[in-house]
Participant: 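Take this structure, written in structure tokens, and hold onto it; I'll ask about it next.
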Amino acid sequence: MKKKKFSMNDIMQSKITWAVVAELLILLVCFIIRPDFFSIKYQPATGMLYGSLIDILNRSAEITIISMGMTLVIALAGTDLSVGSLVALSGALALKFLRWDVLVYNTPGDYTVKPFILVILVPLAVCTLLGLFNGFMVSRIGMQPIIATLILMVCGRGLAQIVTNGKQFTTLYSPFRVIGQGSFLYLPMPIIITIVVVAAVSIFVRKTAFGTMVESVGINPSASRLSGINSRRIVMIVFALTAFLSGIAGLIMASRVMSNDSNNFGINFEMDAILAVVIGGTNMAGGKFSLAGTVVGSIIIRTIVTFVYYFGIVSEATMAFKALIIILVIVLQSEPVRQRMSKLGKKKAKGGVVHA
Amino acid sequence: MPDQYLLEMKGIEIQFPGVKALDKVDFFLNKGEIHSLLGENGAGKSTLIKCLTGVHHMDAGTILFDGKEITPTSPQDAFSMGISTVYQEINLCPNLTVAENIFVGRQPMKGGMINWKEINRRARELMNRFHMDIDVTRPLSHYSTAIQQMVSIARAVDIDAKILILDEPTSSLDDNEVKLLFDVMNELKSEGMGIIFITHFLDQVFAVSDRLTILRNGRLVGTYDIHDITKLQLVTYMIGKDMDAIFNLKRADVAPDAPEMLRAEQLGAPGQIQNVNLSIRKGELMGFAGLLGSGRTETAELLFGAVPATEGTETVNGKQVSIKKPIDAIMAKLAFCPEDRKRDGIIGDLSIRENIALALQARRGFMHPISLQEQNEMADKYIKMLSIATPDAEKKIGELSGGNQQKVILARWMATQPDLLILDEPTRGIDVGAKAEIQRLMLEMCNDGVSVIFISSELDEVIRCSNRIVVLRDGKLVGEVNGEDCTQQTILGIIAEGTQEGVSA
Amino acid sequence: MPERLPEKRQSLASRLLKPQFVMVYATIGIFILIYTYGAVRYSSIGFTTLRTFVNMFKDNAYYGISAVGMTMVLITGGIDLSVASVACLTGMIVAYGTSVLGYHPAVCMLVAMIVGVGLGLLQGAAIHYLDVPPFITTLAGNFLARGVCSLISRESISVSHPMIDALAGWKWYIRKYVDGEWVKIKPIAFINVNLFVFILMIILGTIILHRTKFGRNIYAIGGNEQSAKLMGLPVGKTKILVYGFNGFCSVLAGLAYLLEVKSGWNLALNGGELEAISCAVIGGTLLTGGVGYMIGTLFGVLLKSVIPALITFNGSLLSWWGKIATGGLLALFIVIQRIVVTASERRKEAKTKP
């Protein structure tokens, strides 16, 4: 096989390049304003490293995890709007199992009512089931994904309310605390979980033929079916996986605050996750996807939030900043601009040849 | 010769990255003539047309329209000058009514509002002129491709067009509809319209055109009067190589005791097609003949499970199988190249390698991936074997020409090493050279013991290649002819009469 | 040569029973079903009165106004997620301009109108010229407008101005003709500015969609954008204008909401874009574009309003059941819609095949 040569042109045209450049630019601005932005210190009290960069990675965990699934959904030319509601539901279920019977144990403490394994597994199982429901609606009933998942988006929070009877529980159970606040290898646990999830999904998708099949179904469902791909199964798996990952994100979130909040957990997560995927260079129309790009996209989103927070800008203005970054990225990624850029790149390349 | 051409394109040059798509091409169109534009795929026909309709911008040359120099900047621009185009693919809106598709963008108005009555009335008139009595207030998607094609022609001629470009308008039409189209074309010609006609069907060129222009590799071969050129000359000019390759293909021999490969009994899906009875032997090439809509494609889809059969039985290699979806058929070692390459065949954004590996991968399941090395070996093997024109296996299939795309799809199925390969219109819309190659491959596979079902609307082709021909009409299998002793006449007879008994051969 | 048939006059029934209307009928049917259920169940406590019916409309008028523009956007095959934020921004501009800066509300409304329509046009231009998916473009618009709201103020600003009060207080009582004079019906039912504007917008939307070239271009683009381009239709202009018009609708919706609550708040109408979208979708508009009717959207709004009304009349159900019911209804409705459409497609196939 011939080796693939990477030209300036390839790099200019690669979508992930722009995401990385954007991230570096924001970090550069941070560095200029506050040179200590990059400092990382060891805190013996918690046994964790500490600093803005660590914080960005830590806080981006939920979105990164969810957006791994969202990448695949979008590669199938779909969208999953229900992830935010599932985060809330997962948190509600976990707390429900930690504090099942509030009449007996009416004060929060370092205990769990149901076995800890159930506290973890039941939310994940319920989310996965609801993901299968999404997949069923899309693949069997033939609904557009955006509508199918709109249903759960609308009633998922209602379900979460019903699970906890509209109550907000708190807990002090220490094994549960580890998920969101513990540490491993000097790093906060959410970062570790994120690394594991990203690695697992990447291996599942790229070391098997699953990724290619997802792309194939996303690009041309009819041709894929005739080639023997069971697109229904692919769709079911992808939606179930996304919901499962939302469940994990819900557990992390609940563990961070050791509480549940059906109204506010995971608000706008679907938007952030979709955003992360798109910034990462995956086209909303489906087809080729990049998990690495999505990770960068998710980190970009969190960097902006941290940036706004760190520099004492009104926190509600985060929205406006997010908007600006989307505008920047979409302009850079848009076809006309990239074509112009690649023309520029070519001219430079030509010049180089002449020079040589 | 008139003193002035309706359209003069002189010294047209277009440079694409890496290739000169058009090199000093001249093209002249008279008023009131039908002028065919011929050439293999990649010869520059569509580039020339796109230059005229403002899609591509020329690097050199001039276009004179009615004696005045023009430089169309977009299809809209060309349209407003009076250059109207009908494309091979239906470029209409399926959700709008027939009437609206004809008039959208230039609706007659009354008091600032759209005058629907007028639209529907004029649309009815126009469709009547094409001898089509259809309800013009129904959505376009309600009608067959042929009618949709007629609607797009109706749209194109209703404006004050002086030039009408027909880009492969006949590939989805049956003979009657083609005749109807030719009537319309002749009528328009007599009204003084200049018509540029692009087609792959050489018979049609001779049936309708006054003059023809041949392009090859972006260069002009020449413009000829239809009476000054023979079919053989024409083909030779087009491909510039010996035609023996096409006309001297040898049909495969089937041993009389070859085992039965596939048998279908009373197979059917109500509402689609029913009572399909077929038997194919190992290494046999079976042709399906019939008009468009006769059930050729439906039968193939039924055998392959693209449309699940709800009644009857299917037996593959002596074992009864249940084929509910394509993967079941693939498991039973069947393969199916669908008719609509773009919609049902290629995965446009994936590479040639990935496209070739797809069906085999689907059979193995995604948990048993084909290693990259195997994929590369497979891709390289088929690229060489089928002489697919590409720099490497990583090129997106969507960027290949039609013929090469077809070869990749063929490779996809050959990679699964099928026992039965169903080819639905594998040669449609591709150039003569690639056509010959695909026919050769088909026959080679038969010699290797693969059974093939070959569906084509070009009867010549079917007769030339098949061992046995099944004739379909109105969704029924109406006759069967042994390939060696069948002629065009016999088959046309069966199609016309509807029964084999009707023809005494 | 086939006979030339004389012009057929189509009967009213055959004109109404076109497959393209099936979805709208499904919406209307389901609404009638649910309304009848409510009527049977709660007629004793006044569910069937005209007052309840009008109020149902009135409470959701601002979503309805927004759904008019949304329907058009959806028909082009696009989507607009910025509507709720733009409506919120409208409220903020008018409230801040009037209460804090002391300008006349009319001036503030004009400014809000320019901002809203301008943002809409800008989004449309980005979608068309930069070829960015509408979902992402308008998501950016959504964040931007919401961010600006927060920059204006993080507190709720109440509005008090004679003009606003007059608009909010305007009522047109529904009367009936009794013994030679028009008397107000009992229980009193009236139409307010919001409802009036909503109905006006539905009529205007219907006219635009069905009687103007602009409207037909919207359908053409939704049917097949590539074709529309090749047919020489002004695709870019139409798309940009549709988003502009939707911006206009968002501003009107924002003003309607302002009249209702008489204050501007930076978190108002959070998630409202999905309300507007689901009104249109329940009304039979396809998110893939090309299909949708204003009358369907009207009933979509009604259908969405009848559920909270039922929950209120029930009295014992908690409000989160509303969410679940809406979600469930959405599911039920879409499934039924699918079945109806598939069935009509099958019928069509059977008809075209010999």
Participant: C:Thr71 and C:Thr297: side-chain donor and acceptor closer than 3.5 Å?
Facilitator: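 Their side chains do contain a donor-acceptor pair, which is all the 3.5 Å distance test asks for.
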Participant: For chain B, which of C:Asn217, C:Leu233, C:Asn224 has the most heavy-atom pairs under 4.5 Å?
Facilitator: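 Going by pairs under 4.5 Å, I would pick C:Leu233.
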Participant: For C:Thr137 and C:Gly124, indicate whether the former's side chain and the latter's backbone hold a donor-acceptor pair under 3.5 Å.
Facilitator: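 Between the backbone of C:Gly124 and the side chain of C:Thr137 there is no qualifying donor-acceptor contact (under 3.5 Å).
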Participant: With a 4.5 angstrom heavy-atom cut-off, is it the side chain or the backbone of B:Asn101 that approaches chain C, or both, or neither?
Facilitator: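 When you check distances to chain C, atoms from both the backbone and side chain of B:Asn101 fall under 4.5 Å.
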Participant: Need one label for B:Leu92: side chain, backbone, both or neither, based on atoms under 4.5 Å from any heavy atom in chain C.
Facilitator: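 Contact with chain C is through both the backbone and side chain of B:Leu92.
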Participant: Do you know which of C:Gly222, C:Ala220, C:Ala228, C:Gly289 has the most heavy-atom pairs with chain B at a distance under 4.5 angstrom?
Facilitator: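 Highest number of pairs under 4.5 Å: C:Ala220.
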Participant: Looking only at heavy atoms, which of residues 242-253 of chain C get nearer than 4.5 Å to chain B?
Facilitator: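 The residues closer than 4.5 Å to chain B amount to none at all.
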Participant: For B:Gln107 and B:Ile119, indicate whether the former's side chain and the latter's backbone hold a donor-acceptor pair under 3.5 Å.
Facilitator: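 Checking the backbone N and O of B:Ile119 against the side chain of B:Gln107, no donor-acceptor pair under 3.5 Å is found.
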Participant: Relative to the ring of C:Phe299, is the ring of C:Phe31 parallel (under 30°), tilted (30 to 60°) or perpendicular (over 60°)?
Facilitator: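 Judged by the thresholds at 30° and 60°, the geometry between C:Phe31 and C:Phe299 is perpendicular.
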Participant: Below 4.5 Å from any heavy atom of chain C, which atoms of B:Arg106 appear? Answer side chain, backbone, both or neither.
Facilitator: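 Just its backbone gets close to chain C.
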Participant: Looking only at heavy atoms and a cut-off of under 4.5 Å, which of C:His210, C:Lys213, C:Lys229 has the most pairs with chain B?
Facilitator: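 It is C:Lys213.
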Participant: Just checking, is any N or O donor in the side chain of B:Glu187 or B:Ser190 under 3.5 Å from an acceptor N or O on the other one?
Facilitator: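 B:Glu187 vs B:Ser190: no donor-acceptor pair found between side chains.
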Participant: Cut-off 3.5 Å, side chains only: do B:Asn120 and B:Thr137 have a donor facing an acceptor?
Facilitator: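 Side chains of B:Asn120 and B:Thr137: no pair found under 3.5 Å.
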Participant: Output the option from C:Ser227, C:Gly223, C:Gly215 having the highest count of non-hydrogen pairs under 4.5 Å with chain B.
Facilitator: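 Answer, by heavy-atom pair count under 4.5 Å with chain B: C:Ser227.
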Participant: Ignoring hydrogens and angles, tell me if any N or O in the side chain of B:Arg155 forms a donor-acceptor pair with the backbone of B:Val104 under 3.5 Å.
Facilitator: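 Checked: pair present.
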